[in-house]
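Chain identifiers are assigned alphabetically (A, B, ...) following the order of the sequence lines, protein sequences preceding nucleic acid strands; residue numbering begins at 1 within each chain.
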Number of protein chains: 2
Amino acid sequence: MTDIRASATRSPTGDDATGDNDLAAFALLPAFRRRQFQPDQEVIREGDPAPHAYALVSGWAFSYRLLADGTRQVLAFHIPGDMPGLADALLGRSSAGCKAATPIVANSLPAYQLRAALTHDPGLAAPVLRALSREAVAAQERMVDLGRRSAVARTVHMLLELGERLQRAGMAVGNGYACPISQILLADALGLSAIHLNRVLRRLREDGVLRFRAGHVVFDDPARARRLALSSRQDTPEPYPGRPRHSTLPGP
Amino acid sequence: MTDIRASATRSPTGDDATGDNDLAAFALLPAFRRRQFQPDQEVIREGDPAPHAYALVSGWAFSYRLLADGTRQVLAFHIPGDMPGLADALLGRSSAGCKAATPIVANSLPAYQLRAALTHDPGLAAPVLRALSREAVAAQERMVDLGRRSAVARTVHMLLELGERLQRAGMAVGNGYACPISQILLADALGLSAIHLNRVLRRLREDGVLRFRAGHVVFDDPARARRLALSSRQDTPEPYPGRPRHSTLPGP
DNA sequence: CGACATATTGACCTTAGTCAAAGAGGGTGG
DNA sequence: CCACCCTCTTTGACTAAGGTCAATATGTCG
């Protein structure tokens, strides 16, 4: 458990052929320092000019940006295998903060050492490039969610996506997973108010699509969830129509 | 003009010390192929499994994702010096489409050649890593805009940011710049309806903040624009208060 | 000039946010 | 074990930002 390689091969298949697990890249790195953080503890400080890159070993973390009035936008959730702060370490300045959502264990590497390693070890660049590229694609998905999907679609979409990532990391079972984040945090990721998110979740629960409760997500109707996740803002009022306060299943 | 280095040094200072111009990285690459595209012509096809990376030499382009019902989210605008499709080329699959917004000239390189070049030339990795990292930071900014800023703040923020990028590329003069994109396109980038964006722009114009017209952006009150851009969704109704239909300057 | 796309504006409606307040769980000191 | 305190979750009532529809300019191009 202290061994990086151990968690790097946490994936179900054992080998990380798809490269989905960023940790695989980092397993090659020297001079990693193992660190632990408690929930809500700051891992990366926004604006830090000498940041560290991290390889998350266990637990959940999240990156965020704070606005002048205290409003927060959560940019990404990090699960074991992710490498928070990678881009920032390469640029030499943290553009966003990162906090632990649960108790976490992470391996850290100072930015300058990362850059040095990249210079000296040509084999390291490829996996880091892939990690960054995947991050870029994930960010695109987020932009589509925030810009063009309804609150319901956005919510379902993100929860499905998290499920897929956890699945690949071997941390999901059947059609559900442990999701140790508060509605407030999720709302800040979805660009919604916590209150509205709560209503959205209630509706999804009452309609038998999914339950988000007590740290767990369960998809009661995965197929419908996937359909909902793809709908856009003013999509056919088919899947999630107008008025029914208490819903009716698929309906006529 | 056909020489890559020429446009790579398009920046005002001549040398690209900050590395803001992605083209600098590409200038090292062999086997570039110069291509031209007309407005609305597809440069990168979403889903293409064998994509090309591009170095934009002149003109504007934009990356986007299409939703089932035809809704579009513009993910980024590309100006000379940018490298659209870089992340996709590294992953071997285009996650988003890219089209020319104006007539453009771009140098293209097949993904496999890019990857080969990265393997053979260790000096190439660093600039590509920086380019990807900058892209990540830009995406974060976009997520904050879409998730947590009002329509007005978002609009002003993006126009200011575009101005800064153009400035660094030596394509902006004083407090304005040529901005050859339609309101529809801008709206799709901001996650707004074109109609609402039009109202926002009208208001900004009437309030003497900025004008977006006939392919040009002019900041009439740059200081106020910057202030507006930082406000969040339910920020103090100070800068952009309630009713005044025809506005009054800063006012009491 | 006609065909088209973009830009504007008005009238109206829906989604999502705000305010206020009441439950629910989980620690903790007594 | 219990009162107290916190934070997170829920719900109701109301407001407002932003979307939808429809129609009218404007502009460009062949």
For residues 184-194 of chain A, tabulate all N or O donor-acceptor pairs below 3.5 Å that involve a side-chain atom, not counting sequence neighbours.
unit_1	atom_1	unit_2	atom_2	d
Asp188(A)	OD1	Arg148(B)	NH2	2.6
Asp188(A)	OD2	Arg72(A)	NE	2.8
Asp188(A)	OD2	Arg72(A)	NH2	3.1
Ser193(A)	OG	His196(A)	N	3.1

With a 3.5 Å cut-off and sequence neighbours excluded, list the donor-acceptor pairs that the side chains of residues 210-217 of chain A form with protein atoms.
unit_1	atom_1	unit_2	atom_2	d
Arg211(A)	NE	Asp220(A)	OD1	3.4
Arg211(A)	NE	Asp220(A)	OD2	3.0
Arg211(A)	NH2	Asp220(A)	OD1	2.7

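Contacts of Gly191(A) with the nucleic acid, taken as non-hydrogen atoms under 4.0 Å apart, involve only primed sugar atoms and P, OP1 or OP2.
If you check the side chains of Glu46(A) and Ser94(A), you find no donor sitting under 3.5 Å from an acceptor.
Remark: C1' of dG19(D) and CZ of Arg154(B) are 12 Å apart, rounded to the nearest angstrom. With rounding to whole Å, His196(A) atom NE2 is found 15 Å from dT10(D) atom P. Atom pair Leu197(B):CG and dT9(C):C1' shows a separation of 15 Å (rounding to whole Å applied). A straight line from CG of Leu185(A) to P of dC8(D) spans 10 Å, rounded to a whole angstrom. Atom pair Arg203(B):CZ and dA17(D):P shows a separation of 9 Å (rounding to whole Å applied).
Scored by the ring pair (Phe, Tyr, Trp, His ring centres under 6.0 Å) test, Tyr64(B) finds Phe62(B) as partners (sequence neighbours excluded). Here Arg45(B) pairs with Glu42(B) under the salt bridge (Lys or Arg N to Asp or Glu O under 4.0 Å) rule; sequence neighbours left out.
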I'd like a list of close polar pairs between nucleotides 4-8 of chain C and the protein, N/O only, cut-off under 3.5 Å.
unit_1	atom_1	unit_2	atom_2	d
dA7(C)	OP1	Gln183(B)	N	3.3
dA7(C)	OP2	Gln183(B)	N	3.0
dT8(C)	OP1	Arg213(B)	NH1	3.1
dT8(C)	OP1	Arg213(B)	NH2	3.3
dT8(C)	OP2	Gln183(B)	NE2	2.6
dT8(C)	OP2	Asn198(B)	ND2	2.8

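Judged by distance alone with a 3.5 Å cut-off, a donor-acceptor contact links the side chain of Arg199(A) to the base of dT18(C).
Using a distance-only test at 3.5 Å, with no hydrogens or angles considered, a donor-acceptor pair links the side chain of Arg224(A) to the main chain of Asp207(A).
Distance CD/Gln73(A) to CG/Leu146(A): 5.5 Å, rounded to 0.5 Å.
Relative ring orientation between Tyr177(B) and Phe219(B) is described as tilted, the plane-to-plane angle lying within the 30° to 60° band.
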inquiry  = Using a 4.0 Å heavy-atom cut-off to protein, can you give one letter per nucleotide of nucleotides 24-30 of chain D, 5' to 3': B if the base is in contact, S if only the sugar-phosphate is, - if neither?
reply    = -------
